[in-house]
Amino acid sequence: MRRILLVALCACAVLAFACSSSDGDDGSGTTSDSTATPNPNDTEIARSMLLTISDFPTGWAESTSADENSPLDKCQTETDTPNRASADFAKGSGNTSISQTAAVFPLAEDAQKSIDGYRSRLDCAVKLINDGKLDNKDTSYVDAKVGALSFPALGEQSTALRLTMTAKPKNTTGSIAIFFDVVLVRKGRTAFSLLATDVLSPFNSNDLEAFVRKAAQKLP
């Protein structure tokens, strides 16, 4: 099951907020865009917005996200802000995970526009998944869909969406449901996305709200 989830997670890195086509690891456990020269102050602001392991209960650990090419990369939209950072955390075997991306945009209008256009990125991913673009020799990914997720309003702008898909191993019977819940919150020109992933059933809604509220408190 872990391999099946890893493929889906790598492919759905497109769900990361303010994502561009080239990332670099600075060695600090966060990643930032290396295709443009960042404003040092804004980059530090983005890093300060991230959750840390101290924000999680016992059983969670920091993790490293895989950086692999994906058929869903074409759904990514280029962004003009290099001032972003990300962090990843997993619980237990890793089937339950949290990925956060924080970004500082040049203007509040830029951040607002990015959130307003986010749904189209997920619609693109759903179409490609259902067209079989994510399938490999071991697994088919089918029945992808995206819809609104009920969630409290936070910051000056927020939205919550759920993308689901079903993984069908080709050498066995049965299937595995995979759930991606993503919440985006903006305050001024700063914003973050928090992606919660789980299998068989959605990520616990109370835990998701608690983590998002902790992240929202870090918005400057």
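Just so it is clear, the values below take in all heavy atoms, side chains as well, and ignore hydrogens, waters and symmetry mates. Positions are given from 1, in the same order as the sequence printed here.
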Identify whether the distance between the nearest side-chain nitrogen and carboxylate oxygen of D135 and K170 falls below 4.0 Å.
no

Evaluate the side-chain proximity of R213 to P152: yes if any heavy-atom separation is below 4.5 Å, no if none is.
yes

Does the pair E109/K113 count as a salt bridge with the N-to-O cut at 4.0 Å?
no

Examine the side chains of N83 and T43 and answer whether a donor and an acceptor come within less than 3.5 Å of each other.
yes

Is it true that a side-chain atom of N130 and a backbone atom of D143 form a donor plus acceptor pair closer than 3.5 Å?
yes

Should L184 and F192 count as side-chain neighbours, where that means a heavy-atom distance under 4.5 Å?
no

Greater than 12 external heavy atoms within 6.0 Å of K214's NZ:
yes

State whether a side-chain donor-acceptor pair under 3.5 Å links Q100 with D88.
no

Under 4.5 Å between any side-chain heavy atoms of I176 and T166, yes or no?
no

Hphob cluster co-occupancy, I178 + L200, side-chain heavy atoms under 4.5 angstrom
yes

Looking at R119 and D123, does any basic side-chain N land under 4.0 Å from a carboxylate oxygen?
yes

So do the side chains of R189 and L107 get within less than 4.5 Å of each other, counting heavy atoms only?
no

Is the shortest distance from a Lys or Arg side-chain nitrogen in K218 or D55 to a carboxylate oxygen in the other one below 4.0 Å?
yes

Consider side chain to side chain contact (heavy atoms under 4.5 Å, CB included). Of D181, T101, V185, L208, which one does L194 pass it with?
L208

Separation of M165 CE from I129 CD1 (nearest 0.5 Å):
3.5 Å

Does a salt bridge link R186 with E156, judged by any charged N lying under 4.0 Å from a carboxylate O?
yes

Testing the basics here: between F203 and W60, what is the closest heavy-atom pair and its distance to 0.1 Å?
CE1-CH2, 3.8 Å

Is the shortest heavy-atom distance from the side chain of F211 to the side chain of I98 under 4.5 Å?
yes

Rounded distance (nearest 0.5 Å) linking atom CZ of F180 with atom CG of L195:
7.0 Å

